[in-house]
Amino acid sequence: MHRRFIRLASLVLMAACLPALAHELDGERRDERGIASVQLGPRPFFLTNEMADGPLKQKLQHCAAHREHYRPTLFSIGHRGAPLQFPEHTRESYEAAARMGAGIVECDVTFTKDRQLVCRHAQNDLHTTTNILATPLAAKCVKPFTPAVFDAAGTLVAPATAECRTSELTLAEFKSLRGKMDASNPRGRTVAEYMGGTPTFRTELYAGPTSGTLLSLKEAIALFKQLGVKMTPELKSPAVPMPFDGFTQAAYAQKMIDEHKAAGVPARDVWAQSFNLDDILYWVKNEPAFGRQAVYLDDANTPADLPTLEQLRAYRAQGVRIVAPPLFALLTADTSGNILPSAYARNARAAGLDIITWSLERSGVLADGNNGSYYQTFDSAVTREGDVLRVLDVLAQDIGVIGVFSDWPATVSFYANCTGQR
């Protein structure tokens, strides 16, 4: 009787502990639904401490001091994964983005010689984003590596060049490559020198010979489902004339959607993107469930390139519901150093459009000024690293964007958790 009682008590105790054990599965603390707790790392807290004193800093510091767990959020979108430190569009980059709380992760979609869809930022970027030039597949590049040329005084006369495309490789050949940090050295005299050039604010630490795993779209979808993240595939403009071996632009746009449907991904979990308005309108007409939250990317390089209120209203009338301009399109600054919504931001909302923007944490150190095109309209108001959180606050609270692409999603995830963004 005594032994039976002890055994029964042990079973009761084990049953009571099962939820806690589930929460600690695989060494990760999990919530009541079994979702892994987000791991932000030190950067968001460094940025918070770097802010100028004020109510937002106080709010975020209070959150940092008292919040124990962080949740994934759709407000945080992994731009090519987490390419601030991981080679873009690789398994490792995607996993890092999900671990940092990105609720949505991006696969830029292009195609191979055998018309298979793969994740690359551009069809013709293999020479800067993979190790192709150091492999026998370099022989298939449309433009082989040409070393830099210098004159007798050591002045650069002609930069090093190369161009390698996914459309020159089969899927199997593409998969044999390894991703690297997107960079090239125009002064490179050798392939090894040319393949360098990674900016100093990034790192080569996660770009070793056994990592940088390239993925097809099908593989990326399967990974995203495993990670529990939603998806924002972007149909990239081909570098080759279309149709390509009978593969039309419409067939290309349809195939991207079909691969999500074949994997059982509901339309509500997909934000299909394109810089090509015709692609968006194709989805609106032919795949209305997916077209409903298709994202029309704006390729403006300066404020003068941005659409007017009338043009934005015309987009909405054609069925576009979400626009995604670069950061500079949405923000401006006054003489007192305040960051403010731009005229474009107000016009887009007036036109009935939702807004996503890109890309945060892609400009390196901010406090030294001259932060590039993403900050061109409000750079005068950016004087310290923590100002990235001020940028997020204006985007979220004053403009009402529904998501922010970031090269380091932890920062956006932290802000969203601490301010109640979805």
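Quick note: numbers below take in every heavy atom, side chains included, and nothing from hydrogens, waters or symmetry partners.
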All pairs passing disulfide bond (SG atoms under 2.5 Å apart) where residues 227-287 contributes a residue, at least two apart: none

Does any N or O in the side chain of [X] come within less than 3.5 Å of the main-chain N or O of [Y], such that one atom is a donor and the other an acceptor?
{"X": "Arg390", "Y": "Ala381", "result": "yes"}
{"X": "Gln116", "Y": "Thr112", "result": "no"}
{"X": "Asn371", "Y": "Leu366", "result": "yes"}
{"X": "Thr377", "Y": "Phe328", "result": "yes"}
{"X": "Asn417", "Y": "Ser413", "result": "yes"}
{"X": "Lys175", "Y": "Leu214", "result": "yes"}
{"X": "Asn131", "Y": "Ala134", "result": "no"}
{"X": "Asp305", "Y": "Asn301", "result": "yes"}
{"X": "Lys236", "Y": "His121", "result": "yes"}
{"X": "Arg178", "Y": "Ser211", "result": "yes"}

Value rounded to 0.5 Å, distance of CZ in Phe224 from CG in Leu217: 8.5 Å

Approximate separation, where rounding is to 0.5 Å, of Ile104 CD1 and Thr232 OG1: 6.5 Å

Distance-only side-chain donor-acceptor flag, Thr203 / Gln85, under 3.5 Å: no

Donor-acceptor side-chain pairing of Thr129 and Arg120 below 3.5 angstrom: yes

Residue pairs fulfilling salt bridge (charged side-chain N to carboxylate O under 4.0 Å, His left out) with at least one residue in residues 318-328, sequence neighbours excluded: none

Taking the six-membered ring for Trp, are [X] and [Y] parallel (under 30°), tilted (30 to 60°) or perpendicular (over 60°)?
{"X": "Phe75", "Y": "Tyr415", "answer": "tilted"}
{"X": "Phe405", "Y": "His79", "answer": "perpendicular"}
{"X": "Tyr252", "Y": "Phe247", "answer": "tilted"}

Side chain to side chain contact (heavy atoms under 4.5 Å, CB included) involving Cys63 - partner list, sequence neighbours excluded: Arg67, Tyr70, Cys418

Result of checking Glu106, His89, Glu234, Glu88 against Arg80 for side chain to side chain donor-acceptor pair (under 3.5 Å): Glu88

